[in-house]
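Heads up, the thing below is written out as structure tokens.
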Number of protein chains: 2
Amino acid sequence: MEGKTFDKLRKAEDQFVEKIADNMQTFGVSSTVGRVLGTIYMNREPMTLDELSENLGMSKTRMSQVVREMLDLNIAEKVFERGVRKDLYNVERDYYQTFISLFTSNWHKAINKSKMFEQKLHRELVDLQEDEMVNEEMEQKINELLIETKEWVEYYHWISRLIDFFESGEIFEHVPKHTTKKD
Amino acid sequence: MEGKTFDKLRKAEDQFVEKIADNMQTFGVSSTVGRVLGTIYMNREPMTLDELSENLGMSKTRMSQVVREMLDLNIAEKVFERGVRKDLYNVERDYYQTFISLFTSNWHKAINKSKMFEQKLHRELVDLQEDEMVNEEMEQKINELLIETKEWVEYYHWISRLIDFFESGEIFEHVPKHTTKKD
DNA sequence: ACCTTTGTACAATATAAAGTTTACAAACTT
DNA sequence: AAGTTTGTAAACTTTATATTGTACAAAGGT
């Protein structure tokens, strides 16, 4: 009876997929995104929306949404194959790279949102400062806020540099993928 | 009329708090946590649950929950002050440190969850492997999964080292807080 | 030109997360 | 020791997110 062994193996694979999904939730993406990535990963070759839908027991619509989200996050890519009409999707197979993609995608978004805000707030504060009707105490408070804003901008610049540090792979020079024996 | 200026200033402060909250959502914490942090931050000195409740227009119970969550995340601390019976809470004022605390809290949790899983899965696979009833193909698949598991463990070790890299402050040697002019 | 397949918008529903109210226990006052 | 005040737990409500079904437009095949 090999069916039982097969079932167990299948179960182990599912557990693994679930673990990948779980890991990805730490980045704030939904578990379904993680499961789709895990499923394609385990499949070892690109899959179509229909295959994913079938395999995960979810609607094709949902698969479409999720795959698009993954393309945005740079953890999946569309693959062309002669003779196949359906779109095929493949995923990043390197855990480290996936980590970096998710980490940086998140912060890229945050940085973009932040930029407008800072400029706007800065302008408002300067306008306020130039108003003649401000007393000593207000003046003081405005200055404090201007300083805060400056620090905030510096902080975001740091995050920006941090992203580069990851994306360029420099991080691996200081936190290597594999520990050497002489550790 | 200084009231108008005061209102504008208040509004600017609120915007700033909202920005802090927004930034923190990138780490997956609820916006209320961010607002509480921002509020205490702007207040420039520790606050009580009642003050927070009053200031944010939310229930004291909710404040209690949120503050407890922040204590868990290491971004707030209880402060004692003679003569004051209510608990006072203060927040980390260093953006960088807050970043690190949130980043590492998240991953510490993930790492802990992962450890059990890996051991269990590994054992299951070895058991399966030792079963005599496995054919060539299964054997192959089991081996593949064992390799995957090993890689997964290595990946998590890397994250673990990455956390140390942040917590120890070593990160700032390579991605400094302030860019030097000679950049 | 017509029919089929494929992928995505949109509205409706189901599920999960956040927040509030009520109730109660522990610490402090008097 | 009785009465307040403060902090937390549990049940409930509201709000946000995930998922599905239907409808439709674009591309492919015949």
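Here is how names work: the chains are called A, B, and so on, in the same order as the sequence lines, proteins then strands, and each is numbered from 1.
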Pair [X]-[Y], side-chain donor/acceptor within less than 3.5 Å:
X      : Y      : answer
A/R68  : A/Q65  : no
A/E118 : A/S114 : yes
A/N143 : A/Q129 : yes

Sugar-phosphate, base or nothing in reach of B/T48, heavy atoms under 4.0 Å: nothing
Sugar-phosphate only, base, or nothing, as touched by B/S59 at under 4.0 Å among non-hydrogen atoms: base
What integer distance in Å separates [X]:[atom1] from [N]:[atom2]?
X     : N      : atom1 : atom2 : value
B/M70 : D/dG7  : CE    : P     : 15 Å
B/M63 : C/dA18 : CE    : P     : 14 Å
A/Q25 : C/dA16 : CD    : P     : 11 Å
B/F80 : C/dA27 : CZ    : C1'   : 13 Å

B/M42 side, atom CE; B/T39 side, atom OG1 - distance, nearest 0.5 Å: 9.0 Å
Spacing of OH belonging to A/Y95 relative to CH2 belonging to B/W158, to within rounding of 0.5 Å: 14.0 Å
Axial cation check for B/Y96 ring with B/K177, 6.0 Å and 45° limits: yes
Review item, nucleotides 8-12 of chain D N/O atoms under 3.5 Å of protein N/O:
unit_1 : atom_1 : unit_2 : atom_2 : d
D/dT8  : OP2    : B/S64  : OG     : 2.8
D/dA9  : OP2    : B/R68  : NH1    : 3.3
D/dA9  : OP2    : B/R68  : NH2    : 3.4

Those residues of residues 103-113 of chain B lying under 4.0 Å from DNA chain C by at least one heavy atom: none
A/F16-A/Y41 aromatic ring centre distance below 6.0 Å: no
Proximity of B/F166 and B/F103 rings by center, below 6.0 Å: yes
A/K86, nearest nucleotide to its side chain (from D/dT20, C/dG7, C/dG19): C/dG7
C/dG19 phosphate, OP1 or OP2, under 4.0 Å from B/T32 side-chain N/O: yes
Protein-nucleotides 24-30 of chain D N/O pairs closer than 3.5 Å?
none

